[in-house]
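First the structure, in the form of structure tokens, and then the observations on it.
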Amino acid sequence: MAQSVNITELNLPQLEMLKNQLDQMYVPGKLHDVEHVLIDVGTGYYVEKTAEDAKDFFKRKIDFLTKQMEKIQPALQEKHAMKQAVMEMMSQKIQQLTALGAAQAAAKA
């Protein structure tokens, strides 16, 4: 996000860009005013900002998201360890049931 805001360094009167359409398709477009940009702040709301304000906005957003990721990382690691333990236990049970079924089949024969 922040890298795409370095448009003022290009000093172009019309900056060519790719416009995101429907989250998957990009179409070419031109940015006529490189000093002001629209920022998607979420839930369908856009805010007009200067390029410098947009850089600050994205820096704050990146910092916030980084802090949130650091905050939830220990919980995710714990849940991953619990999932691994459950998977290992299930694998052992399946092996035991398979061995028991094979032993029963051999006893009947």
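For the single chain, residues carry numbers from 1 onward in sequence order.
- At a threshold of 4.0 Å, the pair Asp63-Lys67 does not count as salt-bridged, since none of the basic side-chain nitrogens sits closer than that to a carboxylate oxygen.
- Closest heavy-atom contact between Val34 and Ala51: O-CB, 4.0 Å.
- Taking CD of Gln84 as the start and NZ of Lys79 as the end, the distance is 14.5 Å to the nearest 0.5 Å.
- The CD1 atom of Ile72 sits 10.5 Å away from atom CD of Gln77, with the distance rounded to the nearest 0.5 Å.
- At least one side-chain heavy atom of Val41 sits less than 4.5 Å from a side-chain heavy atom of Phe57.
- With sequence neighbours excluded, the residues forming a side-chain contact (heavy atoms from CB on, under 4.5 Å) with Gln96 are Lys93, listed by chain and number.
- Checking each of Lys83, Met90, Met89, Met82 against Val86 for a side chain to side chain contact (heavy atoms under 4.5 Å, CB included) leaves exactly one that passes, namely Met90.
- Taken to the nearest 0.5 Å, the CG atom of Asp56 stands 8.0 Å off from the OG1 atom of Thr50.
- Side-chain contact between Phe64 and Gln68 is present, with heavy atoms from C-beta onward closer than 4.5 Å.
- When atom types are taken as modelled, the side chain of Thr66 and the backbone of Ile62 share a donor-acceptor pair closer than 3.5 angstrom.
- Distance check, rounded to the nearest 0.5 Å: NE2 of His36 to CG of Asp53 gives 9.0 Å.
- Note that CZ of Phe58 and CD1 of Ile39 are 4.0 Å apart. Values are rounded to the nearest 0.5 Å.
- Proximity of Gln95 to Ser91: side-chain heavy atoms (C-beta onward) are separated by under 4.5 Å at one or more points.
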